[in-house]
Amino acid sequence: MYFDTVGDFLSMGGHGPYVWFCYGVSALVLSILVGVARSRRKQAEQQIRAIVRRKKASSSSTTQH
Amino acid sequence: MSVRRQAGVVLANTGLEVKRLYSDRDDRVLFADLCFQLDAGQLVQIAGPNGSGKTSLLRILAGLSSRYEGEVLWQGKSLLKQRHEYLQQLLYIGHGAGIKAVLSPLENLRWSCALRGLNNNDDKILSALEKVGLSGFEEQACHSLSAGQQRRVNLARLFCIPASLWVLDEPFTAIDQRGVTEIERWLSEFVSEGGAVLLTTHHRLSFAHEFKIVTLGEAANV
Amino acid sequence: MSVRRQAGVVLANTGLEVKRLYSDRDDRVLFADLCFQLDAGQLVQIAGPNGSGKTSLLRILAGLSSRYEGEVLWQGKSLLKQRHEYLQQLLYIGHGAGIKAVLSPLENLRWSCALRGLNNNDDKILSALEKVGLSGFEEQACHSLSAGQQRRVNLARLFCIPASLWVLDEPFTAIDQRGVTEIERWLSEFVSEGGAVLLTTHHRLSFAHEFKIVTLGEAANV
Amino acid sequence: MSISSTFHKWGSPRWFYQFSGKLLPWLAGLSLLLLVGGVIWGLAFVPADYKQGNSFRIIYIHVPASAVAMGAYMTMAIAGAIHLIWRMKLAAMVMKAIAPIGASLTFLALLTGAVWGKPTWGTWWVWDARITSVLILFFLYLGIIALHQAFENRDAAAKACAVLAIVGAVNIPIIYWSVEWWYSLHQPASISFTGQSTIHPTMLRPLMATLSGMYLFFTWVLLLFVRVEILDRERNTRWVQDQICGESR
Amino acid sequence: MSDSGLAKLVVAVLRRDVMASLRRGSEWSNPLVFFVMVCALFPLGIGPQPDRLAELAPGILWVVALLASLLATDSLFRGDFDDATLEQMLLSHQPLYPQVLAKTLAHWLMTGLPLSILSPVLGVLLQLPAKGMLALMVSLLLGTTVLSFIGAIGAALTVGLRKGGLLLSLIVLPLYIPVLIFGSSAVKSAVEGGEYFPQLAMLGVFYLVALALSPLAICGALRISVDQ
Amino acid sequence: MSDSGLAKLVVAVLRRDVMASLRRGSEWSNPLVFFVMVCALFPLGIGPQPDRLAELAPGILWVVALLASLLATDSLFRGDFDDATLEQMLLSHQPLYPQVLAKTLAHWLMTGLPLSILSPVLGVLLQLPAKGMLALMVSLLLGTTVLSFIGAIGAALTVGLRKGGLLLSLIVLPLYIPVLIFGSSAVKSAVEGGEYFPQLAMLGVFYLVALALSPLAICGALRISVDQ
Ligand code: HEM
Ligand SMILES: Nc1ncnc2c1ncn2[C@@H]1O[C@H](COP(=O)(O)OP(=O)(O)OP(=O)(O)O)[C@@H](O)[C@H]1O
Ligand SMILES: Nc1ncnc2c1ncn2[C@@H]1O[C@H](COP(=O)(O)OP(=O)(O)OP(=O)(O)O)[C@@H](O)[C@H]1O
Ligand SMILES: [Mg+2]
Ligand SMILES: [Mg+2]
């Protein structure tokens with residue numbers, strides 16, 4: 001550890017706000033990227049499940065007739 | 001139903017009268033001395049070959065064009081003096097698309113209704129869209145509809161907006177055969193309820209009632 | 001006359017064949033397993049209600065759209081492999097205006113001809129314009145023509161550009177009754193000279209020869 | 001009628017989907033390890049720069065973001081070319097997926113750079129050659145994204161974006177070099193960006209970690225996006241439906 | 001016609017226009033992107049020296065905002081004219097004034113407003129000193145509204161013509177000039193630490209006058225344009 | 001296809017486009033008026049000091065010329081797309097390359113050329129020293145052609161979209177930048193009495209590359225745009 005105290009570490013000799021802001025935003029943006037990919041995947045899965053359900057429903061109804 | 005009733009009240013003395021109307025384009029006379037009358041419960045078809053001035057006439061009668069001489073009377077008084085009352089009774093469907101391509105049929109008709117002071121009547125709009133065969137397309141952007149479907153969105157206004165006079169410029173354009181028959185039936189219904197219709201078309205109308213044909217162009221000069 | 005002769009030479013083995021064609025829009029199937037053949041000296045009408053995919057089909061066959069699966073053959077070979085030869089034989093008239101509104105009919109057609117490698121054929125253009133009933137309007141800007149007249153300018157291309165296959169999307173739109181009869185006569189002449197015509201229309205064609213009707217949409221599924 | 005698609009031998013989305021599935025956990029683990037580890041190392045353990053003090057620690061995110069943002073554009077353009085020439089669908093999906101990732105990284109490069117500029121140069125923004133070209137790169141990305149969104153037809157969108165990406169790629173060297181030339185022409189008064197601050201090796205090692213971490217992260221997220229795209233496009237096929245509904249069972 | 005009826009009309013028109021331009025996307029982001037890009041072009045044309053840029057920033061920002069607003073103006077009634085929905089507006093028995101007011105406001109919401117909100121960021125790019133930012137935003141908020149209303153008059157006059165664009169700039173730019181002068185001078189004063197309230201007050205007066213009177217001119221112009 | 005056939009095709013397309021835009025009027029006068037007006041606005045926004053204006057003139061003139069060219073670009077294929085004559089071009093069995101080349105050149109003839117010719121007048125308005133005039137004209141002549149060709153790519157890509165305008169600026173402006181840099185720097189060098197041939201030579205290289213390659217991209221883009 002280069003810094004002596006946690007306070008030093010956070011303030012970074014006055015440059016803390018700049019540094020932490022950068023890393024904060026970066027973490028945010030990168031996790032948003034992953035999050036968007038995840039949520040889009042969930043959406044796609046849901047749609048595919050719906051398609052399969054619709055297909056099953058229609059095929060079973062036609063076999064009944 | 002309230003629409004028809006409301007229209008009915010005014011219909012009693014509906015009457016569009018055209019007196020000695022004259023109009024020209026680039027020194028070519030389109031029509032001169034044109035006289036005819038359209039009463040409640042009547043249909044008048046404006047006929048004539050291409051370029052004979054049908055569209056020009058309809059735009060004059062709708063109050064969109066002032067390139068004419070002569071008189072247009074509505075309920076016995078000049079159109080110009082009672083524009084507001086006249087517009088309340090008029091429904092004009094022109095050549096143009098009449099719809100915003102990026103909006104859906106539903107949104108388009110909502111706006112059209114709002115322009116006529118009708119708000120919150122989605123039910124009526126939806127039933128109108130169903131009537132013109134667009135159920136299922138209510139929320140799709142209009143630019144992704146076929147030519148005939150777009151025309152149908154415009155025609156759906158006939159059923160959401162109360163009026164006692166319909167002025168229609170080639171309403172059958174791009175409409176399929178079954179659609180044409182249906183529209184003819186609607187016109188017929190409207191007329192028998194006391195509405196007045198003025199339309200141009202190159203189709204041979206098969207219309208239940210009797211109707212007048214006013215012919216422009218060469219045929220008229222003969 | 002050289003046109004017809006030139007066309008005649010190639011016509012011998014003209015033939016458009018559609019094999020198991022499939023196309024959809026927004027997950028809605030427009031047509032599937034569509035098969036038909038159009039030979040020289042034949043006319044095929046694509047019928048179907050609004051929104052059934054007629055325009056989409058015509059655009060595919062003209063090579064403007066690649067939203068399809070299946071095969072389109074021209075003289076036995078795939079369209080994609082002989083686009084150049086095919087285009088030499090094709091004349092497509094679509095929904096759109098097909099003319100520049102600020103230019104006159106004459107200028108418009110001059111350009112259309114130049115695109116097909118035909119230069120200095122004003123005589124032919126003028127006679128074509130006369131044929132479609134626009135003599136006297138040759139030099140007037142197209143935007144000051146009526147709806148039907150504009151359509152006629154576009155149709156005049158049929159007579160200035162040699163081709164052995166006409167693909168026409170609702171050619172009768174906005175055309176008056178006499179005009180419709182005339183166009184039907186032209187189609188008839190073209191077909192009897194060995195041309196092939198593919199068209200959509202909502203009119204009931206009264207056509208001298210026999211012709212095939214391919215129906216899309218609900219009617220086809222029944 | 002079933003939707004038949006002719007797949008390229010080695011561009012088969014199905015093969016790619018299954019292959020990338022195996023790669024995912026490794027990529028995710030390694031990239032996060034390198035990124036997080038490198039950042040902690042850089043933030044907490046590396047000594048401060050003698051000139052800039054602690055603000056230099058921004059470098060561990062700034063440089064990886066900038067470098068990967070640049071590389072991503074070229075990857076995108078190459079994917080576009082492959083799509084146009086060999087009509088490979090997978091390439092189109094890769095291209096579409098890269099655009100938002102690249103734009104995000106470019107945005108990070110701009111933002112971290114601007115924030116770093118405030119303590120070092122005393123201003124958020126200068127019209128330095130490299131900075132200007134990154135800004136232009138950002139616009140190029142935005143252009144591709146906007147163009148893709150504007151099309152309703154997926155195939156047309158992919159082709160159009162491919163054309164634009166290639167045109168852009170041809171232009172990037174020209175842009176970069178002309179901006180450089182423009183900047184040196186003006187000999188700006190105060191600030192020089194490409195200063196010869198020879199980085200100390202102790203500072204360099206964590207940088208290498210975050211840099212490689214960022215490349216891996218990019219690949220990981222790219223795969224995630226492409227896989228979603230594959231599912232979306234092939235949702236009417238048997239194998240996708242089996243894949244998804246099979247998993248849940 | 002009752003007041004609530006009018007209010008509903010205004011809301012309906014506003015909603016439709018905003019929706020259409022959001023759907024289309026270009027209408028609101030277009031002027032914005034243009035604004036950003038052009039502000040970025042200037043340093044490239046003029047040179048990167050910060051002090052010189054700072055000096056020019058108020059002028060450049062205002063001229064570019066004006067151009068962005070001008071460019072957006074052409075589309076104000078053009079779409080409605082082309083698809084014949086303008087005819088419907090004229091053939092409604094409801095008064096045209098509120099419809100036109102709503103349309104113009106919708107247009108401003110989609111062009112002037114985002115531009116004003118974004119302007120501080122561009123201020124930073126062009127090295128505008130921090131003390132000028134407030135004046136920049138407020139003057140743009142007021143000024144772009146006035147520009148929208150003036151532009152709407154020109155758009156209404158030219159919408160029926162095949163030779164739109166040119167005429168529009170010719171008609172509209174001279175009327176824009178007072179707004180430009182007061183707007184940029186407000187920002188300049190603010191940067192120099194001077195009083196900038198008088199200029200803003202002047203813009204406020206323009207604002208009220210434009211809001212009240214220009215719809216009248218627009219209505220008349222639209223009627224003329226359709227009747228040709 | 002014989003060479004003379006191609007030449008005739010090029011001439012026919014050129015003639016038709018030039019005629020149409022002369023007839024329409026706006027297409028050629030629009031960018032010109034814009035150029036003049038905006039150059040006139042700048043002194044109002046920035047302040048009238050002659051020496052400062054002179055210093056900025058090359059940059060301003062070039063940025064505004066670029067904007068004028070950008071604005072005109074949107075209409076390059078839009079009209080043909082809307083009235084379905086673009087389909088005719090694609091369905092001609094003649095090669096598309098010369099048609100596209102001719103169309104773009106016609107567009108330049110109607111926008112870039114008059115603007116370049118008029119530029120010295122504006123140079124005078126903006127106090128540009130006389131020794132910069134030649135460089136201004138020549139650099140604009142070369143540069144606006146390149147801009148037209150780059151712009152045509154963007155126009156072709158976006159012509160089928162309902163979201164035209166914005167996208168076009170977004171796509172095209174970044175690609176314009178090298179031209180802007182070399183163009184304005186040529187004028188600046190000339191004003192400072194320096195050598196400006198290298199910059200012009202560079203523009204010449206851009207010119208040749210654009211002339212040869214961009215029609216390829218344009219043809220491809222047009223096919224994509226029509227096929228949706
Ligand atoms: C591809 C793009 C970029 C790359 C590869 C890059 C790379 C680097 C590298 C390697 C350093 C540290 C080297 C040194 O200290 O000289 C650095 C420092 C810096 N960068 Fe970037 N950078 C890029 C873009 C940007 C942008 C867009 C900005 C501003 C918005 C920016 C602002 C800074 C600042 C302020 C510093 C520290 C000050 C200095 O060392 O002079 N950079 N960058
Ligand atoms: N803007 C205009 N400028 C000059 N002449 C015009 C203009 N609009 C129409 N005309 C002319 O007026 C005549 C009548 O046009 P109009 O559109 O009324 O005909 P129409 O009867 O509706 O024909 P169609 O059956 O083809 O629709 C046409 O000959 C046309 O040339
Ligand atoms: N750009 C598009 N995006 C999405 N769907 C579209 C698009 N264009 C057409 N469609 C849909 O494809 C279907 C077929 O359209 P098409 O224009 O081929 O019909 P059509 O048979 O020519 O009808 P019409 O008789 O009305 O001309 C329509 O239902 C329409 O909604
Ligand atoms: Mg008509
Ligand atoms: Mg159709």
Side-chain angles (χ1 to χ4, degrees), chain E residues 23-38 40-47 52 55-68 70-72 74-75 79 82 158 161-170 172-174 176-178 180-181 183-185 187-188, chain F residues 23-47 52 55-67 70-72 74-75 82 158 161-174 176-178 180-181 183-185 187-188:
Chain E
R23 196 75 50 83
R24 219 177 287 117
S26 67
E27 236 145 75
W28 63 272
S29 49
N30 210 353
L32 206 59
V33 169
F34 182 85
F35 190 44
V36 176
M37 289 263 182
V38 176
L41 285 184
F42 267 98
L44 289 171
I46 289 170
R52 202 211 259 171
E55 205 183 341
L56 297 176
I60 293 180
L61 282 167
W62 248 97
V63 170
V64 176
L66 183 150
L67 289 180
L70 175 67
L71 296 183
D74 187 42
S75 66
D82 286 346
T158 56
L161 304 175
R162 240 147 271 278
K163 331 194 166 186
L166 141 80
L167 257 180
L168 183 61
S169 323
L170 269 181
V172 156
L173 273 181
Y176 274 8
I177 287 177
L180 171 67
I181 290 177
S184 61
S185 121
V187 184
K188 246 176 274 175
Chain F
R23 200 75 53 83
R24 218 178 288 118
S26 66
E27 233 146 79
W28 62 272
S29 51
N30 224 347
L32 210 57
V33 169
F34 180 86
F35 190 45
V36 175
M37 288 266 184
V38 177
C39 285
L41 285 184
F42 263 98
L44 289 176
I46 289 171
R52 201 215 258 170
E55 206 182 339
L56 298 175
I60 293 179
L61 281 168
W62 249 97
V63 170
V64 176
L66 183 150
L67 290 180
L70 174 68
L71 297 183
D74 187 42
S75 66
D82 286 347
T158 56
L161 304 174
R162 248 144 269 277
K163 333 195 167 182
L166 135 80
L167 256 180
L168 185 61
S169 326
L170 191 60
I171 289 173
V172 156
L173 275 180
Y176 273 7
I177 285 173
L180 171 66
I181 288 177
S184 61
S185 123
V187 184
K188 245 176 273 174

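Letters A, B, ... mirror the listed sequences (proteins, then strands); counts begin at 1.
For the options F:Leu67, F:Val36, F:Ile60, heavy-atom pairs under 4.5 Å to chain E are most numerous at F:Leu67. Heavy-atom pairs under 4.5 Å with chain F were tallied for E:Val187, E:Leu56, E:Ile181; the largest tally goes to E:Leu56.
Applying the ring-ring contact (aromatic ring centres under 6.0 Å, His included) criterion to F:Phe35, with sequence neighbours excluded, gives no partner residue. Contacts of E:Tyr176 classified as ring-ring contact (aromatic ring centres under 6.0 Å, His included), with partners at least two apart in sequence or in another chain: none.
Interface remark: E:Leu66 contributes side-chain atoms only to the contact with chain F (heavy atom separation under 4.5 Å). Looking at E:Leu180, the atoms closer than 4.5 Å to chain F (heavy atoms on both sides) all sit in the side chain, from C-beta outward. Proximity to chain E is limited to the side chain of F:Leu71, based on heavy atoms less than 4.5 angstrom apart. Heavy atoms of F:Ile177 lying under 4.5 Å from chain E belong exclusively to its side chain.
Proximity of E:Asp82 to F:Asp82: side-chain heavy atoms (C-beta onward) are nowhere separated by under 4.5 Å.
Of the inter-residue distances, the one linking F:Ser75 atom OG with F:Leu168 atom CG reads 10.0 Å to the nearest 0.5 angstrom.
Side chain of E:Lys188 to backbone of E:Gly183: no donor-acceptor contact under 3.5 angstrom is found.
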